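What follows is a single structure, written as structure tokens, with notes after it.
Treat the numbers as computed from the prediction; the structure is a model and nothing was measured. Each chain gets a letter, A, B and so on, in the order its sequence line appears, and its residues count up from 1.
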2 protein chains.
Amino acid sequence: MLNETAKVIPRDCGDCPIRHRAVCARCESEELDRLDKIKYYRSFEAGQTVIWAGDKMDFVGSVVSGIATLTQTMEDGRTQMVGLLLPSDFVGRPGRETATYDVVATSEMVMCCFRRKPFEEMMVVTPHIAQRLLEMTLDELDAAREWMLVLGRKTAREKIASLLSIIARRDASLTFGKTAGPMVFDLPLTREAMADYLGLTLETVSRQISALRKDGVIVLEGKRHVTVPDFNRLMEEAGDDSDGGLLA
Amino acid sequence: MLNETAKVIPRDCGDCPIRHRAVCARCESEELDRLDKIKYYRSFEAGQTVIWAGDKMDFVGSVVSGIATLTQTMEDGRTQMVGLLLPSDFVGRPGRETATYDVVATSEMVMCCFRRKPFEEMMVVTPHIAQRLLEMTLDELDAAREWMLVLGRKTAREKIASLLSIIARRDASLTFGKTAGPMVFDLPLTREAMADYLGLTLETVSRQISALRKDGVIVLEGKRHVTVPDFNRLMEEAGDDSDGGLLA
DNA sequence: CGCTGAGTTGACAGGTGTCAAAGTACGTGG
DNA sequence: CCACGTACTTTGACACCTGTCAACTCAGCG
């Protein structure tokens, strides 16, 4: 089975699995050559922290393979996930010296890092990079706003269903979205990470997953392997229009 | 008193109150001339809808004066505010034909609109616009993520305190942020709009405002006029570090 | 003067958090 | 090979925060 969290270090950009989706997507070969000179790959183990909020950050970069989370923590320990970083997603903010959020790898992960200063200089003279970054940032803003509706207005059950449908949809888009038939995927997050994503406790997450299983909305094998027999049913449980959302 | 929601239609860009903060901030005079040819002003009354989610949008633009909200609504009527649009904020997404959210003016409001097609064409050849838009979008993404922590992890009391401190800070930045002494401002939102912002009901908003008043965190005159005797106290109630956040 | 919209307050119910205990999977070391 | 420890997960009991429903106040206005 194709494991999306597998450790993959490309030989070069032509070999890179995120070549056509990352911040470098619009770059031409001469531009790639210049990026090549300021880039390096870094690997992280599952659970390893990439950077702490407030730390100095002298790189920006793209997730090549694996999954990472962006989280914010209050003084008393309450934490909220504010971003889920998948392959091709961008990490860091050009022009900013310090990290705003904790970045943690939740699976084995590989990043393509660019030294920050040279990257910023290159952005000024390379519209292709800034254009693509703008597009990606606008997409992330839309995703964040969608997420705000989930956090602010949905019930625990709807929140779980929403998260499952997001993951299911993403997996479908990787495996050549056949909408028909059951969807099958593995949860890339622990119950606790799901709770941090959804603004719940891990106990509530566990209870609602059990409830959705009892009601036949999902089928579980083990703790992480999920089958969705009827995706429209899942969408209804998420409180979403059953037609929309295929754009994501 | 300087009323930030007053209706102001600039004679030209040199006269524009958001000239140095909006999407056109980095444009030079020749670029402004070209923008001038594709722009027009539109006024809205308090409560008027600028555009409905799903509607075709043939303009993008900037809020010149007044306040608008960006909201998302579920089929059963639950609504969540996903953006608060203040003067200089950008409305619409270049490259997208239809609106994603409802945009509603909550006060009398003036927008500087650009016809979408010519604006998109101009963006391609005018890096100054795309650069500024990227910067603004990154700021909005940060704000959305801060908001996600509020929605996901804060109590009703902390949510109210967070909203008040955001509004207080913004007003302070307009009136040349003297941090000492009490802060005084008017709430630009109804209780219901505050509830939609914070993922609460309007009853809970009302109760928590009353509680903060009883505890001396704020002083109310009428329903909308607020005095904050001790801003650090308010920050503590919001669950935030009492030092941080002066960047916003 | 009554109507309307915004806001406040009370009573009550229900959803979610908290605390606690037990179950499961998996790797490590004896 | 098996016992054990650790991390993750599930489930139960109960409390409490917030939502729901309802009544009431207040200010503005025709």
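- Atom CG in A/Leu198 sits roughly 10 Å away from atom P in C/dG17 (whole-Å rounding).
- Distance from the side chain of A/Ser210 is smallest to D/dT10 among C/dT16, D/dT10, D/dT18.
- In this structure the side chain of A/Asp171 never reaches within 4.5 angstrom of the side chain of A/Met183, judged on heavy atoms.
- Nearest approach of B/Thr106 to B/Pro188, heavy atoms of both residues: OG1-O, 4.1 Å.
- Of the two residues contacting DNA chain C, namely B/Glu192 and A/Lys154, the nearest-nucleotide position lying further toward the 5' end is that of B/Glu192.
- Within the 4.0 Å cut-off from OP1 or OP2 of C/dG17, at least one side-chain nitrogen or oxygen of A/Thr204 is found.
- Separating the CG atom of A/Leu220 from the C1' atom of D/dC8 is a distance of 14 Å, rounded to the nearest angstrom.
- In this structure, A/Asp196 atom CG and C/dG17 atom P are separated by 12 Å, rounded to whole Å.
- At a threshold of 4.0 angstrom between heavy atoms, the contacts of B/Gly47 with the nucleic acid are absent.
- Checking the phosphate oxygens (OP1, OP2) of D/dA7, no side-chain nitrogen or oxygen of A/Thr190 falls inside 4.0 Å.
- Between B/Asp215 and B/Arg233 there is no salt bridge, since no side-chain N of the basic residue sits under 4.0 Å from a carboxylate O of the acidic one.
- Minimum atom distance to the side chain of B/Leu200 is reached by D/dG19, of the listed C/dG7, D/dG19, D/dT9.
- Taking atom CD on A/Gln208 and atom P on D/dT10, their separation rounds to 12 Å, with Å as the unit.
- Distances shorter than 4.0 Å separate none of the side-chain N or O atoms of A/Thr201 from OP1 or OP2 on C/dT18.
- With rounding to whole Å, A/Asp186 atom CG is found 15 Å from C/dA25 atom C1'.
- Whole-Å rounding puts the B/Arg191 CZ to D/dT25 C1' distance at 14 Å.
- The CG atom of B/Leu202 sits 13 Å away from the C1' atom of D/dT18 (whole-angstrom rounding).
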Give the intermediate values and the outcome of side chain to side chain contact (heavy atoms under 4.5 Å, CB included) for residues B/Leu220 and B/Val226.
CA-CA 5 Å; B/Leu220 276 180; B/Val226 179; 3.7 Å; yes

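- The residue among B/Val205 and A/Lys223 whose nearest nucleotide of DNA chain C is located toward the 5' end is B/Val205.
- An OP1 or OP2 oxygen of C/dG7 is reached within less than 4.0 angstrom by a side-chain nitrogen or oxygen of B/Arg224.
- A/Glu203 has its CD atom 14 Å from the C1' atom of D/dA15, to the nearest Å.
- Between C/dT8 and B/Arg207, no contact under 4.0 Å exists linking OP1 or OP2 to a side-chain N or O.
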After noting the C-alpha distance and the side-chain angles of B/Thr79 and B/Glu192, does the key distance pass the side chain to side chain contact (heavy atoms under 4.5 Å, CB included) rule?
CA-CA 10 Å; B/Thr79 69; B/Glu192 187 179 18; over 6 Å; no

